[in-house]
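A short worksheet on the structure shown next.
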Amino acid sequence: MTWYEKIIKAHTDVTESVSHSERMQSDRYFVWQEEGTHDFEAENRHAERAVTGSTDLFTKREFDPWVPLLGESFSRYGIAWALNSIQYEEDTEFYHYEWKWEVC
């Protein structure tokens, strides 16, 4: 399974309301995007590579059950992750959760 197949599967195991890099017209959805790599070099070549990225959850639900479900799903697929921030956006009335992740 490729790194992006793992990321997609980790999200779609929680919900089909997920997009790559673009916001959706919904009251509850995930958006994920890759941001870079962590490379391990040996003997002047890439020996290992991990892709880094983030996922945002936009939801109108306080204490949304998708929050713990995504963490469990990341862990199930061997994706290193951290819940980076939680914000309430008054202008849109969305709760905005952001995870940082890394996958080999």
Side-chain angles (χ1 to χ4, degrees):
M1 185 178 292
T2 65
W3 70 266
Y4 58 87
E5 290 170 328
K6 284 183 185 180
I7 289 295
I8 292 167
K9 190 72 175 131
H11 289 85
T12 58
D13 278 4
V14 176
T15 180
E16 292 294 322
S17 295
V18 59
S19 174
H20 179 232
S21 301
E22 295 183 11
R23 287 191 170 210
M24 298 176 72
Q25 297 299 316
S26 175
D27 283 350
R28 190 176 185 217
Y29 61 95
F30 288 112
V31 178
W32 68 272
Q33 53 277 329
E34 61 276 35
E35 296 173 349
T37 61
H38 280 153
D39 296 343
F40 175 71
E41 296 183 20
E43 298 180 10
N44 292 323
R45 65 183 177 92
H46 292 282
E48 303 239 356
R49 172 172 286 160
V51 176
T52 62
S54 63
T55 293
D56 297 281
L57 169 61
F58 296 94
T59 181
K60 301 268 181 159
R61 293 186 183 188
E62 187 174 16
F63 308 112
D64 196 305
W66 286 359
V67 174
L69 290 175
L70 184 63
E72 293 167 11
S73 191
F74 280 157
S75 295
R76 194 168 41 256
Y77 285 97
I79 299 166
W81 63 275
L83 182 56
N84 191 53
S85 70
I86 305 166
Q87 304 164 30
Y88 180 72
E89 300 176 355
E90 290 184 25
D91 57 332
T92 62
E93 298 181 346
F94 274 102
Y95 292 93
H96 178 191
Y97 295 81
E98 180 197 39
W99 289 262
K100 294 290 187 180
W101 47 259
E102 185 170 324
V103 61
C104 293

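In what follows, residues are counted from 1 in the order of the sequence shown.
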Does some side-chain heavy atom of Tyr95 sit less than 4.5 Å from a side-chain heavy atom of Arg61?
no
Not counting sequence neighbours, which residues clear side chain to side chain donor-acceptor pair (under 3.5 Å) with Thr92? List them please.
Glu89
Establish, yes or no, whether a centroid distance under 6.0 Å links the rings of Trp66 and Tyr97.
no
When hydrophobic residues are tied together by side-chain contacts of less than 4.5 Å, even through go-betweens, does Val67 share a cluster with Trp101?
yes
Using the rule that Ile, Leu, Val, Met, Phe, Trp and Tyr join whenever any side-chain heavy atoms are under 4.5 Å apart, tell me whether Val14 and Ile86 fall into a single cluster.
yes
Measure from the side-chain N and O atoms of Ser73 to the backbone N and O of Leu69, and report whether any donor-acceptor pair falls under 3.5 Å.
no
Aromatic ring pairing His11/Phe74, orientation class (parallel under 30°, perpendicular over 60°, tilted between)
perpendicular
Look at the side-chain heavy atoms of Ile, Leu, Val, Met, Phe, Trp and Tyr, link any pair under 4.5 Å apart, and say whether Leu70 and Val103 land in one connected group.
yes
CG/Asp64 to CD/Glu62 distance, rounded to the nearest 0.5 angstrom?
10.5 Å
Within 6.0 Å of CZ in Phe63, more than 12 heavy atoms from elsewhere:
no
Arg28 to Ser17 - nearest heavy-atom pair and separation:
O-CB, 3.7 Å
Please tell me whether Tyr88 and Leu83 are part of a single hydrophobic cluster in this structure, the criterion being side-chain heavy atoms less than 4.5 Å apart.
yes
Are the aromatic rings of Phe30 and His20 close, with centres under 6.0 Å apart?
no
Side chain to side chain, Gln33 and Asp56, heavy atoms closer than 4.5 Å
yes
Within the side chain of Trp3, is there an N or O that forms a donor-acceptor pair under 3.5 Å with the backbone of Ala50?
no
More than 12 heavy atoms of other residues, nucleotides or ligands under 6.0 Å from CD of Gln87: is that the case?
yes
Rounded to the nearest 0.5 Å, how far does OG of Ser19 lie from CH2 of Trp32?
9.5 Å
Work out which heavy atom in Ile79 is nearest to a heavy atom in Ala10; give both atom names and the distance.
CD1-CB, 3.9 Å
Any side-chain donor near an acceptor of the partner, Asp13 and Tyr77, under 3.5 Å:
yes
NZ or CZ of Lys60 within 45° of Phe94 ring axis and under 6.0 Å:
yes
Kindly say whether Gly36 contributes a backbone atom to a donor-acceptor pair with the side chain of Thr52 at under 3.5 angstrom?
yes
Any side-chain heavy-atom pair of Leu57 and Trp99 under 4.5 Å:
yes
Residue pairs, two or more places apart or on separate chains, that pass salt bridge (charged side-chain N to carboxylate O under 4.0 Å, His left out) and touch residues 91-101
Glu35-Lys100, Glu98-Lys100
What closest approach, in Å, do Val18 and Thr15 show between heavy atoms, and which atom pair accounts for it?
CG1-O, 4.0 Å
